[in-house]
Participant: 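First the structure, then my questions, so here it is.
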Amino acid sequence: MNQPIRDKYLVFAAPAIEEPEINEVLDSLRSGWLGTGPKVAKFEEMFRQYIGSKYAMAVNSCTAGLHLSMLVAGLGQGDEVITTPMTFCSTVNSIIHTGATPVLVDCDRDTMLIDPQRIEEAITPRTKAILPVHLYGRPCEMDAIIYIADRHHLLLIEDAAHAIESVYKGRKIGNIGHLTAFSFYVTKNVITGEGGMVTTNNPDFADKIKVFALHGMSKDAWKRFSDKGYKHYQVVYPGFKYNMMDLQAAIGLHQMARVGENLKRRNEIWQMYNEAFADLPIGLPAPDESETVHARHLYTLMIDKDRCGISRDEFMQKLHQMNIGTGVHYIAVHLHPYYRDHFGYKPEDFPNATWISDRTVSIPLSPKLKDSDVTYIIQSVRNVLC
Ligand SMILES: *Cc1c(COP(=O)(O)O)cnc(C)c1O
């Protein structure tokens, strides 16, 4: 190892926050309007236009968005929702919180996305919805999934936490399934600190999400604090406290303005990694499908001890010693104690997800990275593996 260690720790997925966001937050603070107000409305409209959907409803997380999507679609006790084990726990938790039962089916080993063939095999009379996850920003095989959903009259609710920019064969993610949930958590491609958005083309779902997200107060409650004077509200459902604040939307407005620019930068870094690692004994992201846009949310390496001489965890430790932060996305759902014990899952039930889970490691891909940072990461990865 003949490379000096950099002084400053390279935080994994550091957010790129710039002056316009900072000034917009200050403006909210000075105005005194911190909660849900005009900036949330503006952010929703901006996002809606970007996706091209009929409706976009801001919430305070993607998890909240997934939960509400399933509730307004009528899912609950006795229903089954098919999803992937290769995802963040919140995908599955939000199913459980509706009272429905998550049914996991294995993913493809190369794309790491839910395998449509296995969805078909898992359908029972209780199946009500499919919940695909566009993992790392790569769109799922939507043609096959839509075909299955249509044939079996299933709802299609998408976890697009990684997929704000994703396009599947010319169709924007967020404008395909019945409901789609996005995340603006600090590590995601567009951030508001905490935050999420649901898009849909169904006016009934859109109205209900608004109501359910704010205590179940009647539709107009969202407009209650306007200059039109005081209005009584009525509670029509025991709702949730899932609304987004103007303080959060203030950040999101300017993040959205740079979404294209940031994707360009992520793409550059992605290509640099692809070229630099092509000769290493590791797995790299699968090539893109034609006519699709990958949102470049996470760049992941597959570290197999038999091929590399070191394990994934040892690799992460070595990069940590070189002041580079990494992440694991994810330890598959079925390997966590709660789901394992509660649903009786075994590692071999989902062999591809288990295989990925043991090997995957994400390296930094923030648009904040300078070329010198990228070069340093590339050199460090090569030093550790060569
Ligand atoms: C981050 C993430 C979520 C949850 O997003 P929050 O906004 O933090 O609730 C859900 N699914 C996936 C795949 C994620 O990565």
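No experiment lies behind these values; they were computed from the predicted model shown. Values reported hereafter were calculated over all heavy atoms of this structure, with side chains retained and with hydrogens, waters and symmetry mates removed. One is the number of the first residue; the rest follow in order along the sequence. Indexing begins at 1, ligand by ligand and atom by atom, following the structure's order.
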Participant: Show which atoms of ligand 1 fall inside a sub-4.0 Å distance from at least one heavy-atom site of T91.
Facilitator: 11 (N)

Participant: Looking at R109 and D115, is there a salt bridge between them, counting it only when a charged N and a carboxylate O are closer than 4.0 Å?
Facilitator: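 The answer is no: the pair does not qualify as a salt bridge.
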
Participant: Hey, which atoms in ligand 1 end up nearer than 4.0 Å to a heavy atom of G195?
Facilitator: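 Contacts of ligand 1 toward G195, numbered from 1: 7 (O).
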
Participant: For C62, is at least one N or O under 3.5 Å away from an N or O on ligand 1?
Facilitator: yes

Participant: In terms of residue, atom name and distance, what is the protein heavy atom nearest to atom 10 (C) of ligand 1?
Facilitator: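 Among all protein heavy atoms, the one nearest atom 10 (C) of ligand 1 is S90 OG, 3.2 Å.
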
Participant: Which atoms from ligand 1 have a heavy atom of T87 less than 4.0 Å away?
Facilitator: 13 (C)

Participant: Tell me yes or no: between the side chains of N243 and T36, is some donor less than 3.5 Å from an acceptor?
Facilitator: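 Short answer, yes.
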
Participant: Among protein heavy atoms, which sits nearest to atom 2 (C) of ligand 1, and what does the distance come to when rounded to 0.1 Å?
Facilitator: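 Closest protein heavy atom to atom 2 (C) of ligand 1: K188 NZ, 2.7 Å.
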
Participant: Check if A181 has a non-hydrogen atom at a distance under 4.0 Å from any atom of ligand 1.
Facilitator: no

Participant: I want to know if ligand 1 touches D159 in the polar sense, i.e. an N/O pair below 3.5 angstrom.
Facilitator: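 N/O-N/O distance below 3.5 Å exists for this pair.
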
Participant: Under 6.0 Å between ring centres, would you say that holds for H297 and Y136?
Facilitator: no

Participant: Return a yes/no value for S183: is any of its N or O atoms, backbone included, closer than 3.5 angstrom to an N or O of ligand 1?
Facilitator: yes

Participant: What part of Y330, side chain from CB on, backbone N/CA/C/O, both or neither, has a heavy atom under 4.0 Å from ligand 1?
Facilitator: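 Y330 to ligand 1: side-chain contact only, backbone stays beyond 4.0 Å.
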
Participant: With a 6.0 Å cut-off (strictly less than), is the heavy-atom count around CD of Q234, excluding the residue itself, greater than 12?
Facilitator: no

Participant: Decide, yes or no, whether a salt bridge links R118 with E121 under the criterion of side-chain N to carboxylate O below 4.0 Å.
Facilitator: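 Looking at R118 and E121, the cut-off is not met.
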
Participant: Around atom 9 (O) of ligand 1, find the nearest protein heavy atom and jot down its residue, atom name and distance.
Facilitator: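 Going by distance alone, atom 9 (O) of ligand 1 is nearest to T63 OG1, 2.5 Å.
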
Participant: For ligand 1, does A161 get within less than 4.0 Å through its side chain, its backbone, both, or neither, judged by non-hydrogen atoms?
Facilitator: side chain

Participant: Measure the shortest side-chain to side-chain distance between I96 and Y338 over non-hydrogen atoms and say whether it is less than 4.5 angstrom.
Facilitator: yes

Participant: Do NZ/NE/NH1/NH2 and the carboxylate oxygens of K39 and D27 come within less than 4.0 Å?
Facilitator: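 A salt bridge links K39 with D27.
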
Participant: Salt bridge check: are D110 and R138 linked by an N-O gap of less than 4.0 Å?
Facilitator: no

Participant: Flag this pair as yes if the NZ/CZ of R6 is under 6.0 angstrom from the six-membered ring centre of Y376 and inside a 45 degree cone about the axis; otherwise no.
Facilitator: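 The answer is yes; both the distance and angle limits are met.
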
Participant: Identify the protein heavy atom lying closest to atom 8 (O) of ligand 1, giving its residue, its atom name and the separation to 0.1 Å.
Facilitator: Y185 CB, 3.8 Å

Participant: Heavy-atom distances under 4.0 Å are what count here, so tell me which part of H162 touches ligand 1: side chain, backbone, both or neither.
Facilitator: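 Side chain only.
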
